[in-house]
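Step one of this worksheet: look at the structure below.
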Amino acid sequence: MSELLQTVLDSEERSDLRQFFSEIRHQDKKYLLRNDILMSYVEYCNKYQKSAEFYSGSHLGKLIYYTQEIILENGNLCLIIRQKIASQEFYRITEDLMVEVLTIQELLDVRDRFVNRYHPNEGDILELDFGPFYDYTPTIRDPKNIGKGVQYLNRYLSSKLFQDPRQWLESMFNFLQVHQYDGIQLLINGRIKSHQQLSDQIKRAIAFVGDRASEEPYENFKFDLQMMGFEPGWGNTAGRVQDTLSILDELIDSPDPQTLEAFISRIPMIFKIALVSSHGWFGQEGVLGRPDTGGQVVYILDQVKSLEKQLQEDTTLAGLDGMNVKPKVVILTRLIPNSDGTLCNQRLEKVYGTENAWILRVPLREFNPKLTQNWISRFELWPYLETFAIDAEKELLAELHGKPDLIIGNYSDGNLVAFLLSRRMKITQCNIAHALEKSKYLFSNLYWQDLEDKYHFSLQFTADLIAMNAANFVISSTYQEIVGTRDSVGQYESYKSFTMPDLYHVVSGVELFSPKFNVVPPGVNESYYFPYSRMEDRVPSDRERVEDLLFTLDDPVQAYGKLDDPSKRPIFSVARLDRIKNLTGLAECFGKSEALQEHCNLILIAGKLRVEESEDNEEKDEIVKLYSIIDQYNLHGKIRWLGVRLPKSASGEVYRVIADRHGIFVQPALFEAFGLTVLEAMISGLPTFATQFGGPLEIIQDKVNGFYINPTHLEETADKILEFVTKCEQNPNYWYEISTRGIDRVYSTYTWKIHTTRLLSLARIYGFWNFISKENREDLLRYLEALFYLIYRPRAQQLLEQHMHR
Ligand code: UDP
Ligand code: LCN
């Protein structure tokens, strides 16, 4: 049993526990989440006049802190305790404090009973259990190393491999033979016939290139190397070739994981990449602003540009320029015939600023043209993905003149398509979630049947389970995306076990300790977003136009509100008008603080200004709410609300103009998976106050290079901002300090260069290990296929039939 629970039971706090549980039993709520539990505990402590020391310092206080859920059943309490990251324990506690440990199966039954969906007489429910597939794969032990998968994998597999030097050399020799570009052999040729010979030839070649000037181009001596058995791919100059060969030489003589990583990272094995963002509305102009075409589109476009550049650099360094090697990156998305003035109806669109990166659009098959001709919400897309993958495969093969070397899925739907494509073409699969819906919607699995009409979570969660287990590796933007924080469950973690009543029980849905998980955060587009102080790169006329738009322009189509005093310090935010983005919360926080209003104006760039212009119900509600907050707190003269979607160049200038005026940026989301606007604001030099719920918690270091806020505590947030503003008024240097540290934080940690170097190195290393260890994943993949065909496909078919009748 949990030590903590045992300690409470054995101590004098036992009576408090009994009393507290009795209070809970008398509440109306029968299913308490963490917030409810904490609130009840506060009430309990108040009612019984417990000291502050008892509240947080007692064992009971700690137990409550770690309790994620309490479910009441027949007077008993079921507790879900998460004392350590990524591990949960379940207990049933009776009125007289008898404790019984529950298995996960028993807990899932409790949850089913809670929603009256427990029917044991009708037979057992299907149990999904991925656990056995991970029994024989390496797993990380310490939770703090979760997300550093590749380092671990390298160490683990190297030590196994290096134990048998003969086998190891043989494997390496085989691996070096397989690399080609468009049918042309790379690295080594048939003249080297064995690993013994390889080792000798490497030493000869090192001596040979060592005699040449370091900068001498590879082309000058390529035939000599070829005679020794070496094809292109080792380097573009004598120096580089010598370097690469020496790393390999060292690896053969005294292998160690770092040398191995350094060597594999240099191998030219990735030239063509396909990224999948199937739900579409993917383009370079006029597409942002639909639900989930915000950060995801921005992320992928910037990533692709950076990937192409990195691949080009790698190709040049490998000495392949003479072979006319042209890396290619393709973003695969759906073609949407009725594209509302965007280019989403065009098959091919070149990505700006690249030589060979393209958006490739493949139409959905025409099941019901009323739907398939138009944009379809990501929640409704499921029936079309299988045939989309089949059609997309042909298009990809044609466009890339062969198979991609790596396929990266984005979001639940793109990851499922990535799975189908990787399976068919046998290529390394990488997953990126951006955000998983399961933890975004409360009780999304428990009440899935009630939500099915609107969200079809049965399809989405099944797709997620399939894709995350199938992926060779997963990239997350933050650690907490995988396993949360001390007090909150991670997005992937929420797939560990859950019930889908009447459909299936997941007893082990994901191995969080698997080295497949790697934290690789995104960057920010540095040509659009850069520090306000870089005046030489700013265009004065743009600056003036943006200043006018933000503070003065009198144009009811674009702007609402006239500022009484435009010179006050601006508090700025930009986001879609989603409930979860909570811009209305920020307006209310500003409204509640007269002191803040005295010092600052509030400037919002958000969605649309008129309900009639919006097609999205949530956005409509938020528009109405924002107007009513402005009236309720009489914010007229103190707020400007711009209903515009700015092109990137202008949006970069917006942050800088706010920084010119020593303003601040606030990101008040109730939950933010990562938060690209936080990076954009910080790199521009804006002191940033961002939500403590989600990614910003890892981007910002509180009070060092920005500030955390709890967006559900309005007064507290207002006070934090006010404190900062007052401090800056007393000491203007303070603003510069935070501003500079914010800029440094982004440049040191969140650049696309760092991201893509890491991503490509991961892709090579996972590709290498797949080859070498011939890691047999076939059993797992077969299981996943069965889920796809037996659960996913029939449900998708049902949804399709509904669509046919629309
Ligand atoms: N964005 C924009 N105009 C808007 C709202 C957002 O250009 O009116 C951009 C913003 O600059 C950022 C992205 O859209 O690059 C939003 O990404 P984020 O990760 O913050 O949130 P998401 O919308 O993906 O949840
Ligand atoms: C989706 C989100 O919700 C954001 O938090 C991320 O920043 C964005 O995708 C890019 O990954």
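Just so it is clear, the values below take in all heavy atoms, side chains as well, and ignore hydrogens, waters and symmetry mates. Because the structure is a prediction, the values reported are computed rather than measured. One-based numbering, in listed order, for ligands and for the atoms of each.
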State the atoms of ligand 1, each with its element, that fall below the 4.0 Å cut-off from a heavy-atom position in [X].
| X | result |
| --- | --- |
| Thr677 | 10 (C), 12 (C), 20 (O) |
| Glu672 | 21 (O), 25 (O) |
| Val574 | 4 (C), 5 (C), 8 (O) |

For His434, atoms of ligand 2 separated by under 4.0 Å from a heavy atom: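 In order of number, 1 (C), 9 (O), 10 (C), 11 (O).
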Per-atom contacts of ligand 2 with Glu672, taking only distances under 4.0 Å to non-hydrogen atoms: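 So the answer, numbered in order with elements, is 2 (C), 3 (O), 4 (C), 5 (O).
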Counting only nitrogen or oxygen atoms and a 3.5 angstrom limit, does [X] reach ligand 1?
| X | value |
| --- | --- |
| Gly607 | no |
| Leu676 | yes |
| Ser651 | no |

Lys350 atom NZ, over 12 foreign heavy atoms within 6.0 Å: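 Yes.
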Nearest protein heavy atom to [atom], by residue and atom, and its distance?
| atom | value |
| --- | --- |
| atom 23 (O) of ligand 1 | Arg576 NH2, 3.0 Å |
| atom 7 (O) of ligand 1 | Leu288 CD1, 3.9 Å |
| atom 25 (O) of ligand 1 | Lys581 NZ, 2.7 Å |
| atom 1 (N) of ligand 1 | Arg645 NH1, 4.1 Å |
| atom 16 (C) of ligand 1 | Gly295 N, 3.6 Å |
| atom 15 (O) of ligand 1 | Glu680 OE2, 2.5 Å |

Residue list, ring pair (Phe, Tyr, Trp, His ring centres under 6.0 Å) with Trp641, at least two apart or on another chain: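 Once residues adjacent in sequence are excluded, the partners of Trp641 under the ring pair (Phe, Tyr, Trp, His ring centres under 6.0 Å) criterion are Tyr627.
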Non-neighbouring partners of Tyr441 that pass ring pair (Phe, Tyr, Trp, His ring centres under 6.0 Å), sequence neighbours left out: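 Here the qualifying residues are Tyr455, Phe457.
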Backbone or side-chain N or O of Gly675 under 3.5 Å from ligand 2 N or O: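 So ligand 2 has an N or O lying under 3.5 Å from an N or O of Gly675.
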N/O separation below 3.5 Å, Phe674 to ligand 2: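 By distance alone, the answer is yes.
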Between [X] and [Y], is there a side-chain N and carboxylate O pair less than 4.0 Å apart?
| X | Y | value |
| --- | --- | --- |
| Asp660 | Arg538 | yes |
| Asp548 | Arg545 | no |
| Glu437 | Arg378 | yes |

Thr342-Asp340 side chain donor-acceptor pair, cut-off 3.5 Å: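 Note: Thr342 and Asp340 side chains miss the donor-acceptor criterion.
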CA sep, side-chain torsions, deciding dist, call: Glu588, Lys625, salt bridge (charged side-chain N to carboxylate O under 4.0 Å, His left out): CA-CA 10 Å; Glu588 195 163 4; Lys625 192 163 166 201; 5.5 Å; no
Region of His434 engaging ligand 1 - heavy atom pairs below 4.0 Å: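 His434 to ligand 1: no contact under 4.0 Å from either part.
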Side chain, backbone, both or neither: the part of Val678 lying under 4.0 Å from ligand 1 by heavy atom: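 Within the 4.0 Å criterion, Val678 makes no contact with ligand 1.
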Within the 6.0 Å centroid threshold, strictly below: Phe572 and Tyr655: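 When the ring centroids of Phe572 and Tyr655 are compared, they turn out to be within the sub-6.0 Å range.
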Pair Phe689 and Phe724, ring centroids less than 6.0 Å apart: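 Between Phe724 and Phe689, which both carry aromatic rings, the centre distance is below 6.0 Å.
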Spacing of CZ belonging to Phe498 relative to CH2 belonging to Trp448, to within rounding of 0.5 Å: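 With rounding to 0.5 Å, CZ (Phe498) is 11.5 Å from CH2 (Trp448).
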Reference residue Lys581; test salt bridge (charged side-chain N to carboxylate O under 4.0 Å, His left out); the match among Glu618, Glu672, Glu619: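 Option passing the salt bridge (charged side-chain N to carboxylate O under 4.0 Å, His left out) with Lys581: Glu672.
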Heavy-atom gap Lys648 to ligand 1 smaller than 4.0 Å: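 False for this residue.
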Whether Gln667 lies under 4.0 Å from ligand 1, heavy atom: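 No heavy atom of Gln667 comes that close to ligand 1.
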